[in-house]
Amino acid sequence: MSATRQQHFHFVGICGTAMGAVAAAMKDRGFTVSGSDQKVFPPMSTFLESKGITLSEGYRAENIPAEADVIIIGNAISRGNAECEEVLNRKLLYMSLPEVLKHQFLRGKRNFVVTGTHGKTTTSSLLAWLMESGGLNPSFMIGGIVRNFGQGGRFTNSDFCVLEGDEYDTAFFDKRSKFVHYLPELVIVNNLEFDHADIYNNLAEIQLSFSRLLRIVPKNGLVLINGDDANAMLAAKECPAPLQTVGLGEGNQHRITNITSVDGGTSFTLGGTEWITTMDGEFNVRNAAMTIVAAQFAGVAEEKIRAGLLSFLSVARRQEVRGVVRGVKIIDDFGHHPTAIAQTAAALRTRHLAPGGKLWAVFEPRSNTTRRAVFQQALVDALGVADGAIVSQVPDIEKIPVADRLDAAKLVADVTAQKGIPCFLEPDAAAIVARLKPLVKEGDVVAVFSNGGFDGIHEKLLKGL
């Protein structure tokens with residue numbers, strides 16, 4: 001490489017949310033950037049092209065530029081991919097996206113990493129906004145669209161960076177969790193449960209991964225952990241960094257009390273001081289409490305934290321009201337783990353349900369774990385929090401070993417038998433709308449739980465009802 005030529009980075013799987021954001025940031029820094037993906041379509045494709053990034057649709061060996069210096073291989077890419085094989089055959093330098101983040105954006109920065117089975121996106125979004133409100137102009141990389149920013153990732157010249165710390169594996173060649181690459185100064189552990197059954201065999205393996213993250217927090221850093229969560233506390237047992245607990249129990253150093261629903265949000269007391277968040281539900285109060293302590297650690301003034309809490313617009317697809325038709329609220333939520341579904345349903349009942357109204361839960365078992373039998377009973381308990389439920393057929397069930405598959409018909413039968421509420425199994429979004437149409441009435445809430453597009457069910461509900 002000549003002394004005058006900027007390094008050329010080629011991204012395999014460039015249209016993923018995080019991959020695209022980092023590719024654009026690399027281009028803004030003056031690097032030459034190209035990329036390819038199986039499906040190249042707006043808005044990501046037009047965004048990248050507007051940055052002057054060359055895109056190729058489909059994976060082909062010839063897409064790898066002859067002059068490329070570093071190949072970034074996305075998490076979704078596996079052996080057999082034509083470009084992956086070309087990289088290995090040519091013995092090119094390749095990296096994962098977390099490695100690129102580490103070397104190009106995170107070294108020397110004050111990185112605040114938000115982890116846990118549930119609440120990572122909401123908590124990291126709120127923390128980034130509190131820092132923004134405090135004038136810190138943070139960089140951030142978050143797995144959702146933060147409404148206050150209109151995007152999920154940006155990179156500034158700030159000393160601070162907020163990262164949603166994903167425990168999922170890094171790449172086909174690096175099975176460690178993504179978050180071990182993030183050089184954390186502060187780590188938040190919201191909670192810890194079994195999830196990602198496609199890469200973890202049991203809860204102990206997940207706890208081990210979290211413990212490895214906590215071992216790299218420096219002595220001048222801080223770990224904030226849910227002191228009410230025994231699984232999380234066990235993972236932090238040998239944490240060498242300063243550790244503080246946040247929770248509702250008496251033993252927590254930052255204790256949450258007096259949770260009260262108020263107009264436009266929730267009031268609570270943290271360490272003897274009253275705060276108000278725009279979010280609903282006990283779990284979101286805990287999320288907010290974590291960010292308050294983290295923002296204080298970053299030096300944000302109390303009045304700035306208060307203003308940030310009150311101006312936070314949450315995250316797309318987290319208890320998001322998509323519309324009201326015939327007096328029925330249609331709410332979209334990303335919840336796909338049984339605990340998240342149950343907690344969100346309880347919060348929706350408190351905030352949105354009219355007197356005499358019913359809460360209907362519409363669930364798509366789409367994640368790698370909810371398509372498996374591991375949550376067969378847990379999903380019964382979660383859906384039982386609603387007054388009625390509809391479950392869609394399990395997508396791509398043939399990709400799951402027969403012995404491991406969720407039995408959707410049994411799930412529906414068990415919800416009715418054990419919880420005493422109506423529950424139906426339907427093949428698709430159109431059938432779900434047809435099923436709901438005669439059942440819902442004014443004052444009801446229909447909550448859609450899915451971590452995918454669910455065949456545009458929200459618009460179909462609004463039109464069909």
Side-chain angles (χ1 to χ4, degrees), residues 113-124 143 163-169 175-180 182 184 186-217 221-256 281-291 293-294 334-347 367-370 372-382 385 451:
V113 181
V114 178
T115 72
T117 309
H118 322 292
K120 293 187 292 292
T121 304
T122 299
T123 307
S124 52
L163 299 123
E164 178 176 339
D166 189 357
E167 70 270 28
Y168 208 77
D169 61 359
K175 307 316 284 184
R176 294 173 297 168
S177 296
K178 293 185 180 77
F179 55 38
V180 301
Y182 291 165
L186 178 142
V187 171
I188 289 174
V189 184
N190 275 330
N191 40 63
L192 207 161
E193 290 190 75
F194 182 70
D195 199 2
H196 306 306
D198 51 325
I199 61 170
Y200 292 108
N201 292 310
N202 49 53
L203 178 61
E205 289 186 2
I206 298 177
Q207 289 173 314
L208 177 60
S209 188
F210 275 77
S211 71
R212 287 170 174 163
L213 170 67
L214 300 187
R215 286 175 195 157
I216 60 174
V217 179
L222 178 64
V223 172
L224 297 175
I225 198 160
N226 179 350
D228 302 328
D229 189 312
N231 293 334
M233 292 297 290
L234 187 59
K237 189 176 180 181
E238 297 179 3
C239 174
L243 183 148
Q244 296 177 12
T245 54
V246 180
L248 281 72
E250 290 185 6
N252 286 285
Q253 290 156 280
H254 302 277
R255 190 182 179 198
I256 303 164
E282 180 182 290
F283 64 104
N284 273 326
V285 167
R286 193 191 308 274
N287 293 341
M290 290 285 194
T291 65
V293 181
F334 197 74
H336 51 282
H337 189 284
T339 300
I341 293 170
Q343 291 178 343
T344 300
S367 76
N368 279 317
T369 311
T370 53
R372 288 171 160 82
V374 63
F375 286 149
Q376 187 78 46
Q377 181 58 43
L379 286 169
V380 173
D381 297 333
V385 176
N451 66 341

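The residues of the chain are indexed from 1 along the displayed sequence. Predicted model, so just to flag it, every value in this text is computed and none were measured. FYI, side chains are in, hydrogens and waters are out, and symmetry mates aren't considered; it's all heavy atoms of this structure.
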(message) Please determine whether a side-chain nitrogen of the Lys or Arg among Glu238 and Arg212 lies less than 4.0 Å from a carboxylate oxygen of the Asp or Glu.
(response) no

Tell me if a side-chain donor or acceptor on [X] pairs with a main-chain N or O of [Y] at a distance below 3.5 Å.
| X | Y | value |
| --- | --- | --- |
| Gln253 | Thr245 | yes |
| Asn202 | Ala204 | yes |
| Ser367 | Thr370 | yes |
| Glu164 | Gly143 | yes |
| Asp228 | Gly249 | yes |
| Asn284 | Gly281 | no |

(request) State which residues pass side chain to side chain donor-acceptor pair (under 3.5 Å) with Glu193; sequence neighbours excluded, sorted by chain then number. (result) His118, Thr339

(request) Go through the structure and list residues passing side chain to side chain donor-acceptor pair (under 3.5 Å) with Arg176, not counting sequence neighbours. (result) Asp174

(message) Around atom NZ of Lys175, are there more than 12 heavy atoms from other residues, nucleotides or ligands closer than 6.0 Å?
(response) yes

(message) If we check side-chain contact (heavy atoms from CB on, under 4.5 Å) with Asn191, which of these qualifies: Asp229, Asn231, Ile225?
(response) Asp229

(message) What I'd like to find out is whether the side chain of Phe179 reaches to under 4.5 Å of the side chain of Ser209, using heavy atoms alone.
(response) yes

(request) Decide yes or no for Thr291 and Thr123: does some side-chain heavy atom of the first lie under 4.5 Å from some side-chain heavy atom of the second? (result) yes

(message) Give me the atom names and distance for the closest heavy-atom approach of Asn190 to Gly119.
(response) ND2-O, 3.5 Å

